[in-house]
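Report on the following structure.
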Amino acid sequence: MIKISDLSLPLSYQEQDLKRAAAKRLGIPCSEITWIRLSKRSVDARKKDRIHFICTVEVNIKRGEAQVLKQNQKNKVSLAVPYCYSLPTVSRKLEQRPVVVGCGPAGLFAALILALAGLEPILLERGRDVDRRIQDVLRFWETGTLDPSSNVQFGEGGAGTFSDGKLNTGTKDSRSRKVLEEFVACGAPREILYTAKPHIGTDHLRTTVKNLRKKMIALGGEVRFESLVTGWKEKNGCLTGLFVQAKDCSYELETQDVILAIGHSARDTFTALYENKIPLEPKAFSLGARIEHLQKQIDRSQYGSFAGHPALGAADYKLAVHLSNGRGVYTFCMCPGGSVVAAASEPGRLVTNGMSEFARNLPNANSALLVGITPEDFPSSHPLSGMYLQRQLEEQAFRLGGETYAAPVQRVEDFLKNRPSTHFGEILPTYRPGAIPSNLSECLPEFICESMRMGIVALEKKLPGFSHPDALLTGVETRSSSPIRILRDPITLQSLGVSGLYPCGEGAGYAGGIISAAVDGIRCAEALISRK
């Protein structure tokens, strides 16, 4: 099989056009190509009058593959190497079943790999299954009634279940392909295998995580929802079991192997880890708000006259700037054609996030607008100080919104002039259960607000319309990543405090998104399987 890179094709191309372009690059007739598959496609929008696709394809030809490869060595043509995931060999007999704590991407994929290895894992999740979780979240958005155990942060699928479902990642780990293939096998659109910026959308992601769970169970695994891990037992520095609070009872679960994939909002677990002297450290993260624009404005800024072309869909963006004050400001988790959502997980604390369905067809676009902070910015040197700062800001936002989980919202023009908003303009807030015109300087530190102001002005130069007067800022965004890192051995991936405990994923400080979290789950499962 031959791989051909960097084929330029118009937005309205058909499969035959792809085949012709591949044949032309190889210098052979179209009839010589017996099979062709798109393996990567991205949009080249650098020239607004000539927006087109850049494609990579894999082809089979009738004969002379070696000769064709030789003739095209300098023509972005190479031998295609199919990806094949290799499961490690189980190196010991486990006395008890391994346990995975947390049913987000890291936990789901850790459990799946353990099940594929025949180890019959038990997956514990404090929240509910995705179907009941959706009902709980919708109730919260409609009425402001929060369930601390079942919300945007906790439950099957993790925080990513209520997001845009972005699957692009900076990790170069080949296991990323395994994650994408499993998603497709469990119902995700096949296009995530080749688009440069793949996304599932919250609607497809819910079905996909449910099917991942069913696959793991069919392989001998078990899932226990509404099961909160409250502590653990150890002997001579080795893990021997967990204490679990279920819906109707408490019990001890004997195990010597636990993958701790708890997510970035498991603050009670972070506290328990600290109190039991599990080594952890404060970690840099980011603070800010959600910025919301009209999607059609983003489309025009990114695609010019091609805006609205059906092959392009809703435009996205990813922006960053380094300021003169030494701070970095950037956009994160951009949700084209989506909405800003209430993402609180604790009573009396307000958090925002963004969400899109696969179609990305709602009127507004939103993104987190964040300022990077380090432990030097935290109130103290306490390992949980970043978490305490998050809570403080969330409480301030809750009070500013009227203590009903309505969110404080400010027009960008007002924010730049540091004056309270009294009304909304062309762009209307999508956040539920409500939006209160406010001044975000009353719930965010001044150094964050000042950096955001400088950032908005600077990012306008990169994306015209970013500082539109009626664009909205909805506060606060505090959960971009975990504020702590649970220290682990870089080789064995086990906790530096307890043998047999594998800190894993975004909550443990080793991932930053759906794919990287899932990949870390696979790595931890492999480490457990290979442990002597």
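Only a predicted model underlies this, so the values are computations on that prediction, with no experimental measurement involved. Counting begins at 1 with the first residue of the sequence.
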- With sequence neighbours excluded, give me every ring-ring contact (aromatic ring centres under 6.0 Å, His included) pair touching residues 504-532.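 Those involving residues 504-532 do not exist here.
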- Contact list for residues 170-205, test ring-ring contact (aromatic ring centres under 6.0 Å, His included), sequence neighbours left out: F109-F183, H199-F358, H204-F358
Looking at residues at least two apart in the chain, or sitting in another chain, which of them share a side chain to side chain contact (heavy atoms under 4.5 Å, CB included) with [X]?
X	result
K62	E32, T34
I217	R213, V223
T145	T143

- Item | ring-ring contact (aromatic ring centres under 6.0 Å, His included) involving F140 - partner list, sequence neighbours excluded |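 With sequence neighbours excluded, F140 shows a ring-ring contact (aromatic ring centres under 6.0 Å, His included) to Y405, given in chain and number order.
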- Message: My understanding is that only residues two or more places apart in sequence, or in another chain, count here; which of them pass ring-ring contact (aromatic ring centres under 6.0 Å, His included) with F285?
- Response: F378
- Pair listing, salt bridge (Lys or Arg N to Asp or Glu O under 4.0 Å) test, anchored in residues 179-202, at least two apart: R177-E181, K178-E182, E182-K215, K197-D316
- Note on the structure: So the salt bridge (Lys or Arg N to Asp or Glu O under 4.0 Å) pairs with at least one residue in residues 264-277 (sequence neighbours excluded) are R126-D268, R267-E346, R267-E394
- Listed partners of D44 passing salt bridge (Lys or Arg N to Asp or Glu O under 4.0 Å), at least two apart: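 Expected list: R46.
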- Task: Could you list the residues that satisfy salt bridge (Lys or Arg N to Asp or Glu O under 4.0 Å) with K247, not counting sequence neighbours?
- Result: none
- Message: Quick test of your reading of the model: are R133 and D136 salt-bridged, counting only N-O distances below 4.0 Å?
- Response: no
Run the side-chain donor-acceptor check on residues 232-243: report pairs under 3.5 Å with partners two or more places apart or on a different chain.
residue : atom : partner : partner atom : Å
K233    : NZ   : E252    : OE1          : 2.9
T240    : OG1  : K233    : O            : 3.3

